[in-house]
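Some notes on the structure that comes next.
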Protein chains: 2
Amino acid sequence: MSADPAIRRDIPDATVARLPEYLRALSDVADRGISSVSSEELAQAAGVRSTQLRKDLSHLGSYGIRGVGYEVEHLALEISRALGLTQDWPVAIVGMGNLGRALAAYSGFATGGFHVAAVFDEDAALAGALVADLPISPMTDLALLVRERGITIGVIATPAASAQSVCNALVEAGVRSLLNFAPLVLVVPDDVDVRRVDLSTELHVLAFHEQRKSLPPELGVAR
Amino acid sequence: MSADPAIRRDIPDATVARLPEYLRALSDVADRGISSVSSEELAQAAGVRSTQLRKDLSHLGSYGIRGVGYEVEHLALEISRALGLTQDWPVAIVGMGNLGRALAAYSGFATGGFHVAAVFDEDAALAGALVADLPISPMTDLALLVRERGITIGVIATPAASAQSVCNALVEAGVRSLLNFAPLVLVVPDDVDVRRVDLSTELHVLAFHEQRKSLPPELGVAR
DNA sequence: GCAACTTTGTGCCCGCGTTCACAAACGCTT
DNA sequence: AAGCGTTTGTGAACGCGGGCACAAAGTTGC
Ligand SMILES: NC(=O)c1ccc[n+]([C@@H]2O[C@H](COP(=O)([O-])OP(=O)(O)OC[C@H]3O[C@@H](n4cnc5c(N)ncnc54)[C@H](O)[C@@H]3O)[C@@H](O)[C@H]2O)c1
Ligand SMILES: NC(=O)c1ccc[n+]([C@@H]2O[C@H](COP(=O)([O-])OP(=O)(O)OC[C@H]3O[C@@H](n4cnc5c(N)ncnc54)[C@H](O)[C@@H]3O)[C@@H](O)[C@H]2O)c1
């Protein structure tokens with residue numbers, strides 16, 4: 001048996017997806033000078049049920065005090081450790097168009113060990129221009145800079161037509177985690193993780209529900 | 001009984017979330033001049049299993065031809081109808097900072113009935129400036145323009161500190177579907193839908209998996 | 001017109017995740 | 001020190017969604 005307080009093996013994906021929100025909620029209450037929270041309070045701040053929060057946290061270990069709650073700073077540290085935010089994560093962003101620039105300038109980026117380590121664009125006219133204190137590098141420097149700066153996470157903010165080739169270049173350079181903003185499904189080796197953020201999808205889902213709201217009469221049966 | 005070919009009641013949320021991707025995949029094959037696809041081909045383009053695709057589509061009705069496949073244009077139309085994309089969806093964007101401008105300029109926005117009908121910012125210095133051919137309106141005009149232009153979907157691209165009050169203003173004006181880019185959980189009435197897009201969350205999840213990749217030795221038991 | 005082949009649509013089962021219910025643990029009060 | 005109220009942590013029940021297997025239905029070839 002193990003005397004190690006932290007077991008944290010096999011954290012369910014659904015739980016992992018919620019941990020960042022707990023972290024943000026904890027940061028909120030910490031800003032209000034509060035040093036201890038109950039699962040009920042924290043759950044409300046994170047938009048989930050308290051049972052869900054407790055079950056999620058139970059996967060990382062037992063960091064609460066019964067009859068009291070959770071010590072804010074300690075819990076935040078444990079969640080950060082579980083997510084791997086205690087280490088540095090240099091990120092590369094490819095595609096310095098409207099979206100890419102906004103992302104590079106995004107201050108929320110700098111939370112939890114992340115920082116923009118390099119930005120790329122194939123447009124020669126942009127090469128050298130500064131974006132958030134970083135010069136835009138040409139694609140030919142990608143492999144070199146990725147290795148030199150230990151970049152492990154790549155963000156794709158190019159048009160869909162270029163996204164797959166950019167993806168290939170990043171993977172080739174050794175990047176195994178990708179955040180894709182282009183509207184297409186990337187083909188990658190098994191050991192590469194891709195997460196996609198798609199505005200259109202979100203709007204479509206909203207439209208679906210909105211449509212349902214406006215026609216409630218014909219709900220029970222076929223018309 | 002009903003002779004209506006389209007029943008489409010009770011479409012599971014998980015299916016709704018994938019329909020936009022099917023639509024995009026269909027648009028891709030249509031661009032290649034193909035008029036008929038099998039579930040296998042389409043599923044591959046959408047990054048899912050063919051059984052999943054067929055099960056999803058079965059919730060909208062029976063639009064395939066056994067032994068042949070799906071007629072591209074027809075299926076696209078049916079999915080569009082199910083999602084409610086055959087009607088017009090005027091969208092308001094609040095917060096014309098880095099992200100808001102990128103969103104307003106985003107061409108992919110204009111697919112499937114969506115179009116930016118108004119953009120807002122509280123900064124008086126920005127009032128009247130053009131973003132994607134639209135003048136930035138002051139927040140005092142929000143209720144009026146929302147009603148005048150039939151806006152039903154709102155996008156929040158302000159800092160977190162302002163997001164809840166902006167949300168309240170939108171809901172007060174009658175908007176019942178929101179897309180929130182600010183990193184916080186909005187409090188809304190039950191009949192309002194909120195979807196959140198959060199860059200940090202995505203990065204955190206990537207970091208978690210990336211961390212797991214780099215320490216595979218200690219997988220079986222506690223160290 | 002029939003047989004062989006192809007592809008869709010769906011009933012069924014299984015696994016994951018959420019919620020419920022409750023016991024265990026802790027602080028506080030007396 | 002003992003009892004009480006509070007809150008955590010977790011086993012168990014339940015419901016949803018994904019994948020398998022197969023029947024239904026249509027096409028093509030002869
Ligand atoms: N703008 C948005 O709000 C928004 C929202 C959601 C998704 N997206 C998606 O994000 C992507 C970028 O959007 P955008 O509005 O910034 O587009 P954009 O046209 O403004 O910028 C694209 C940039 O990528 C660069 N680029 C093109 N091909 C490249 C390549 N092979 N290698 C490196 N750089 C390359 C271009 O030079 C350009 O600077 C698109 O796929 C778009 O669909 C954008
Ligand atoms: N930039 C990104 O890539 C990015 C990525 C993810 C999330 N976000 C989030 O999106 C939001 C906007 O980011 P940004 O980089 O564009 O910030 P920004 O500071 O560039 O822009 C914010 C804009 O909102 C306006 N604003 C502030 N309060 C307002 C109010 N009460 N009513 C109307 N307008 C108001 C400001 O005048 C400003 O123009 C933030 O919450 C940020 O966390 C940004």
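Chain naming here is simple, since letters A, B, ... match the order of the sequence lines and numbering starts at 1 in each.
A:Arg195 meets the salt bridge (charged side-chain N to carboxylate O under 4.0 Å, His left out) test with B:Glu202; sequence neighbours excluded. Every side-chain contact (heavy atoms from CB on, under 4.5 Å) that B:Ala173 has, sequence neighbours left out, goes to B:Leu142, B:Ala143, B:Val146. Every residue two or more places apart in sequence or in another chain that forms a side-chain contact (heavy atoms from CB on, under 4.5 Å) with B:Asp31 is listed here: B:Ser27. Judged as a side-chain hydrogen bond (donor to acceptor under 3.5 Å, both in side chains), and not counting sequence neighbours, B:His209 has no contacts. For A:Arg196, the salt bridge (charged side-chain N to carboxylate O under 4.0 Å, His left out) partners at least two apart in sequence or on another chain are A:Asp198, B:Glu21.
Rounded to whole Å, atom C1' of D:dG18 lies 10 Å from atom CZ of B:Arg49. A straight line from CG of A:Leu53 to P of C:dT18 spans 12 Å, rounded to a whole angstrom. Between B:Leu75 atom CG and C:dT8 atom P there is a gap of 11 Å when expressed in whole angstrom units. With rounding to whole Å, A:Asp13 atom CG is found 15 Å from D:dG17 atom C1'.
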Any N/O pairs under 3.5 Å between the protein and nucleotides 8-11 of chain D? List them or say none.
{"residue": "D:dT8", "atom": "OP1", "partner": "A:Ser39", "partner atom": "N", "Å": "2.5"}
{"residue": "D:dT8", "atom": "OP2", "partner": "A:Ser39", "partner atom": "OG", "Å": "2.6"}
{"residue": "D:dT8", "atom": "O2", "partner": "A:Arg66", "partner atom": "NH1", "Å": "3.3"}
{"residue": "D:dG9", "atom": "OP1", "partner": "A:Ser62", "partner atom": "OG", "Å": "2.9"}
{"residue": "D:dG9", "atom": "OP1", "partner": "A:Tyr63", "partner atom": "N", "Å": "3.4"}
{"residue": "D:dG9", "atom": "OP1", "partner": "A:Gly64", "partner atom": "N", "Å": "2.9"}
{"residue": "D:dG9", "atom": "OP2", "partner": "A:Tyr70", "partner atom": "OH", "Å": "2.6"}
{"residue": "D:dG9", "atom": "O4'", "partner": "A:Arg66", "partner atom": "NH2", "Å": "3.0"}
{"residue": "D:dG9", "atom": "N7", "partner": "A:Arg54", "partner atom": "NE", "Å": "3.0"}
{"residue": "D:dG9", "atom": "O6", "partner": "A:Arg54", "partner atom": "NH2", "Å": "3.3"}
{"residue": "D:dG11", "atom": "O6", "partner": "A:Lys55", "partner atom": "NZ", "Å": "3.4"}

For nucleotides 3-5 of chain C, give me every protein contact, N/O to N/O, under 3.5 Å, one pair per line with atom names.
none

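Counting only residues at least two apart or in different chains, ring-ring contact (aromatic ring centres under 6.0 Å, His included) contacts with residues 167-195 of chain A are absent.
Between the side chain of B:Gln211 and the main chain of A:Ala82, a donor-acceptor pair closer than 3.5 Å is present.
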Please list every donor-acceptor pair under 3.5 Å in which a side-chain atom of residues 150-157 of chain B meets a protein atom from a residue at least two apart or in another chain.
none

